[in-house]
Engineer: 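Attaching a single structure in structure tokens format; questions to follow.
Heavy atoms only: backbone and side chains are in, while hydrogens, waters and symmetry mates are out.
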Amino acid sequence: MTRPRLGPGAVLAAALLAGCASSTASTSAPAPAPRPNQPDAPAPTTPGRGPAVTYHPVRDAGYRLERHDSLSLQYPGGASQEQARDRIAFLRVMVSESGTSGQYRLTVVLDSLQALENGQPADPDSLAAARGTRWTATLDATGGLGALTPDRKSTFADELTGRLRLLFPALPADGVREGMAWTDTTEYTLTADAFPGSERAVTTYRASADEAPGAKGITLQSAGSYNRTGTQRQADQELQMTASGTRRGVHRLGLDGVLVSAQGNDVGDMTITVPTVGQTVPVKQSGSYSVTLTTRQ
């Protein structure tokens, strides 16, 4: 019996819309295990001045993380499809002593999540499954963030895991000072565009005094690139994803190391391949994000 060949629209649309399909757990292949070692703090390439800013314990800080993504799929034969995703997550962040000098225990809890797919509300059961998810990780005083481990599996929680790194940009060894510049190279697991996989990001930061009225802190301007791979299954087909692109961002930190706000954008090219049927579809991606400190205790 000959297996029917699924058209590129059916297979790939199912893949990219998989974020709405499950109310409790992702049906994709599991992501690779994270590396056990804590990443090293990057070394500054230019000296700085003024007080050094590092991360410190935080009893309870609330954040609003907003993300918008647009995808443009170009199918064989000239057909195209546009997709849009909107997310607003409300998070609580706790940083506590770990018993090891210079290293903390990080806990992030998802209080609530709003999600739209092409302007339509996402499945309420999927949102309910993600609500209350608790991530834990180790955090160095200078921003070496370990693997983020959630206490449950769900489609939206998996998607959010990679974005929590926006809360803790990597700082240079011994802290960041005004005028410093440094480059951070990080590899980590994540789920992006419904594909579990891994990403390698190279980001260059430059620090300056926070110029917001009445502010006392430091601003980090960043620019970088990423390369990503992933695999999942849809409709009994294996799908492979490769992607690359560029990012820009701005983070504002208080002198105590608490993130006050962040915003940025990224653009990239993704290719989705269905090896068994020989289909390859290029995808243009663009996105933007903002992070705002809402409460602090």
Engineer: So, does Q232 use its side chain to make a donor-acceptor pair with the main chain of A194 at under 3.5 Å?
Structural biologist: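 At least one qualifying donor-acceptor pair exists.
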Engineer: Do R105 and L139 touch side chain to side chain, with heavy atoms closer than 4.5 Å?
Structural biologist: no
Engineer: Just how far is it from atom OG1 of T276 to atom CG of D236, taken to the nearest 0.5 Å?
Structural biologist: 10.0 Å
Engineer: Determine, step by step, whether W182 and L220 satisfy the side chain to side chain contact (heavy atoms under 4.5 Å, CB included) criterion, reporting the C-alpha distance in whole Å, the side-chain angles of both residues, the deciding distance to 0.1 Å, and the verdict.
Structural biologist: CA-CA 11 Å; W182 66 98; L220 310 181; 3.7 Å; yes
Engineer: Check this for me: does any side-chain nitrogen of one of D256 and R296 sit under 4.0 Å from a carboxylate oxygen of the other?
Structural biologist: yes
Engineer: Name the one of S222, P172, P42 that satisfies side chain to side chain contact (heavy atoms under 4.5 Å, CB included) with Y205?
Structural biologist: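 The side chain to side chain contact (heavy atoms under 4.5 Å, CB included) with Y205 is passed solely by S222 among S222, P172, P42.
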Engineer: Apply side chain to side chain contact (heavy atoms under 4.5 Å, CB included) to residues I218 and D210 and explain how you reach the verdict.
Structural biologist: CA-CA 5 Å; I218 202 159; D210 192 340; 5.8 Å; no
Engineer: Give me the atom names and distance for the closest heavy-atom approach of P57 to E97.
Structural biologist: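 Shortest heavy-atom separation between P57 and E97 comes out as CG-OE2, 3.5 Å.
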Engineer: So does E82 get a backbone contact from the side chain of S70, meaning a donor-acceptor N/O pair under 3.5 Å?
Structural biologist: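 Not confirmed, S70 side chain does not pair with E82 backbone.
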Engineer: Angle class for the Y55/F168 ring planes (parallel below 30°, perpendicular above 60°, tilted otherwise)?
Structural biologist: perpendicular
Engineer: Would you kindly say whether D184 and T186 are connected by a side-chain donor-acceptor distance under 3.5 Å?
Structural biologist: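 Side-chain D/A pair, D184 to T186: present.
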Engineer: Apply side chain to side chain contact (heavy atoms under 4.5 Å, CB included) to the pair Q83 and L73, showing each step before the final yes or no.
Structural biologist: CA-CA 8 Å; Q83 294 186 11; L73 292 79; 4.2 Å; yes
Engineer: Is the backbone N or O of A157 less than 3.5 Å from a side-chain atom of T161, with the two atoms forming a donor-acceptor pair by type?
Structural biologist: yes
Engineer: With a 3.5 Å distance limit and no angle check, can you tell me whether D151 reaches the backbone of R134 through a side-chain donor-acceptor pair?
Structural biologist: yes
Engineer: In this structure, are over 12 heavy atoms from other groups packed under 6.0 Å from D174 atom CG?
Structural biologist: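 Incorrect, the count does not exceed 12.
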Engineer: With salt bridge (Lys or Arg N to Asp or Glu O under 4.0 Å) as the test, pick out the partner of D69 among R87, R163, K284.
Structural biologist: R163
Engineer: Between atom CG of L145 and atom CG of L106, what is the distance when rounded to the nearest 0.5 Å?
Structural biologist: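 Nearest 0.5 Å value for the CG-CG distance: 6.5 Å.
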Engineer: Give a yes-or-no answer on whether the side chains of S208 and T219 include a donor-acceptor pair shorter than 3.5 Å.
Structural biologist: no
Engineer: Just checking, any donor-acceptor pair under 3.5 angstrom between side chains of Y289 and E66?
Structural biologist: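 There is no such pair between these side chains.
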Engineer: For D266, is there an ion pair with R67 - N to carboxylate O distance below 4.0 angstrom?
Structural biologist: yes
Engineer: Can you see which heavy atom on V291 is nearest to which on L259, and at what distance?
Structural biologist: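 Smallest heavy-atom distance, with atoms named: CG1-CD2, 3.9 Å.
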Engineer: Between A115 and L127, what is the shortest heavy-atom contact and its length?
Structural biologist: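 Of all heavy-atom pairs spanning A115 and L127, the closest is CB-CD2, 3.8 Å.
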Engineer: Apply the test side chain to side chain contact (heavy atoms under 4.5 Å, CB included) to residues T203 and R247: give CA-CA distance (whole Å), side-chain angles for both, the deciding distance (0.1 Å), then the verdict.
Structural biologist: CA-CA 8 Å; T203 307; R247 295 180 172 132; 5.9 Å; no
Engineer: Are V267 and V202 linked, directly or through intermediate hydrophobic residues, by side-chain heavy-atom contacts shorter than 4.5 Å (ILVMFWY only)?
Structural biologist: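 Different clusters: V202 never reaches V267 through Ile, Leu, Val, Met, Phe, Trp or Tyr contacts under 4.5 Å.
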Engineer: Measuring from T292:OG1 to L65:CG, what's the distance to the nearest 0.5 Å?
Structural biologist: 9.0 Å
Engineer: I need the minimum non-hydrogen distance between R64 and F90, along with the two atoms involved.
Structural biologist: CG-CE2, 3.7 Å
Engineer: If the test is side chain to side chain contact (heavy atoms under 4.5 Å, CB included), which one of T133, V93, V95, L160 qualifies with V108?
Structural biologist: V93
Engineer: Could you check whether R200 makes a cation-pi contact with Y226, meaning its NZ or CZ is under 6.0 Å from the centre of the six-membered ring and within 45° of the ring axis?
Structural biologist: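 R200 over Y226 ring: no.
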Engineer: Does T100 offer a backbone N or O that forms a donor-acceptor pair with the side chain of S98 under 3.5 Å?
Structural biologist: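 At least one qualifying donor-acceptor pair exists.
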Engineer: When you measure from the side chain of H56 to the backbone N and O of V258, does any donor-acceptor pair fall under 3.5 Å?
Structural biologist: no
Engineer: Could you tell me whether K153 and E159 make a salt bridge, using a distance below 4.0 angstrom between a side-chain N and a carboxylate O?
Structural biologist: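 The answer is no: the pair does not qualify as a salt bridge.
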Engineer: Rounded to the nearest 0.5 Å, what separates atom OG1 in T45 from atom CE in M180?
Structural biologist: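 Atom-to-atom, T45:OG1 and M180:CE are 9.5 Å apart.
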Engineer: Return yes when atom CZ of R152 has more than 12 non-hydrogen atoms of other residues, nucleotides or ligands closer than 6.0 Å, and no otherwise.
Structural biologist: yes
Engineer: Which pair of non-hydrogen atoms, one from N227 and one from S244, has the smallest distance, and what is that distance?
Structural biologist: OD1-CB, 3.4 Å
Engineer: Has the side chain of R206 got a donor or acceptor atom that lies under 3.5 Å from a matching backbone atom of Q221?
Structural biologist: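 No; judged by distance alone, with no hydrogens or angles, the pair does not exist.
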Engineer: Under the 3.5 angstrom rule, does the side chain of T46 hit a backbone N or O of A181 as a donor-acceptor pair?
Structural biologist: yes
Engineer: Does a donor on one side chain sit under 3.5 Å from an acceptor on the other, for Y188 and E199?
Structural biologist: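 Yes - a donor-acceptor pair under 3.5 Å links their side chains.
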Engineer: Just do the side-chain hydrogen bond (donor to acceptor under 3.5 Å, both in side chains) check on T204 and T183 with the steps written out, would you?
Structural biologist: CA-CA 4 Å; T204 297; T183 297; 3.0 Å; yes
Engineer: For the side chain of W135 and the backbone of L164, is there at least one donor-acceptor N/O pair under 3.5 Å apart?
Structural biologist: no
Engineer: What's the shortest heavy-atom distance between T280 and P76, and which atoms?
Structural biologist: O-CG, 4.3 Å
Engineer: Taking R92 first and then D60, would you say they form a salt bridge - that is, a charged N and a carboxylate O separated by under 4.0 Å?
Structural biologist: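 Yes, this pair counts.
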Engineer: Hey, is the main chain of A61 close enough, under 3.5 Å, to the side chain of T295 for a donor-acceptor pair?
Structural biologist: no
